[in-house]
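To keep things clear, I will list the structure first and then write my remarks on it.
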Amino acid sequence: MLSKKTKYAFHALTYLGKNKDQGAILIQEISEKHGISHKFLENILLELKKAGFLGSKKGKGGGYYLIKEPDQIPLSRIIRLLDGPIALLPCVSLNYYEPCEECESQEKCGLNKVMAEVRDETLKILEMKTLQDILSNE
């Protein structure tokens, strides 16, 4: 499941995408609109900024804004940034691989093979879907 942090990030990104013609948006506006703690949202937006999805402006007319077009923000990148691996098992993760402690042989593990297939199909979808897909469905 997506964490609250990631869900809130998608809410904030969607709000910024819908209002991108208005320029920078205050954290308080997004926080109030979606019922997200101001401090928690601030941390999320800082992570998104550090990752190159958002820009910010200080002072009057300040706030956050998208620096990439919504169709250039893959859902998979946001999920990995905030939640870590997309794979359901560490032994099938592409970016966060770890062997399972209880597994005698990864090569003979049926669960590994099934979960690798689930990962591959999930990634196909999440890498093709972007913030624009969320915006288009609202």
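Residues: numbered from 1 along the sequence shown.
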For the residue pair [X] and [Y], establish whether any side-chain heavy-atom pair is separated by less than 4.5 Å.
{"X": "L81", "Y": "L48", "value": "yes"}
{"X": "L66", "Y": "L131", "value": "yes"}
{"X": "Y97", "Y": "P90", "value": "no"}
{"X": "Y65", "Y": "Q22", "value": "no"}
{"X": "E69", "Y": "Q132", "value": "no"}
{"X": "L46", "Y": "Y64", "value": "yes"}
{"X": "I125", "Y": "K129", "value": "yes"}

Check the surroundings of atom CD in E117: do more than 12 heavy atoms from other residues, nucleotides or ligands lie under 6.0 Å from it?
->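 Open.
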E101 CD: over 12 foreign heavy atoms closer than 6.0 Å | no
[atom1]-[atom2] distance between [X] and [Y], expressed to the nearest 0.5 angstrom:
{"X": "N43", "Y": "H38", "atom1": "CG", "atom2": "NE2", "result": "10.5 Å"}
{"X": "K113", "Y": "C91", "atom1": "NZ", "atom2": "SG", "result": "9.5 Å"}
{"X": "K4", "Y": "L82", "atom1": "NZ", "atom2": "CG", "result": "15.5 Å"}
{"X": "K20", "Y": "L13", "atom1": "NZ", "atom2": "CG", "result": "12.5 Å"}
{"X": "T122", "Y": "K124", "atom1": "OG1", "atom2": "NZ", "result": "10.5 Å"}
{"X": "L16", "Y": "L45", "atom1": "CG", "atom2": "CG", "result": "7.0 Å"}

N/O donor-acceptor pair under 3.5 Å between D133 side chain and T130 backbone | yes
Side-chain (S31) to main-chain (I27) donor-acceptor, under 3.5 angstrom =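 No; judged by distance alone, with no hydrogens or angles, the pair does not exist.
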In terms of side-chain geometry, is the basic nitrogen of K50 or E47 positioned less than 4.0 Å from the acidic oxygen of its partner?
->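 Salt bridge between K50 and E47, a charged N being under 4.0 Å from a carboxylate O: no.
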Identify, with sequence neighbours excluded, every residue that meets side chain to side chain contact (heavy atoms under 4.5 Å, CB included) alongside L123.
->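 For L123, the residues satisfying side chain to side chain contact (heavy atoms under 4.5 Å, CB included) (neighbours in sequence not counted) are R80, I86, L94, R119, E127.
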Counterpart residues, side chain to side chain contact (heavy atoms under 4.5 Å, CB included), relative to L2 (two or more places apart) | T6, K7, F10, I79, D83
Where I78 and A9 come nearest, the two heavy atoms and their spacing | CG2-CB, 4.3 Å
Compare every heavy atom of L41 with every heavy atom of A12, then report the nearest pair and how far apart it is.
->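 For A12 versus L41, the nearest heavy atoms are CB-CD1, 3.9 Å.
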Using the test ring-ring contact (aromatic ring centres under 6.0 Å, His included), find all partners of H34 that sit at least two apart in sequence or belong to another chain.
-> H11, Y15
Decide side-chain contact (heavy atoms from CB on, under 4.5 Å) for D120 and V92; before the verdict, give the C-alpha distance in whole Å, the side-chain angles of both, and the deciding distance to 0.1 Å.
-> CA-CA 10 Å; D120 291 345; V92 297; over 6 Å; no
Is it possible for you to say whether F40 and F53 belong to one hydrophobic cluster, with membership spreading through side-chain heavy-atom contacts below 4.5 Å?
-> yes
L126 reachable from M115 in the ILVMFWY side-chain graph, under 4.5 Å edges | no
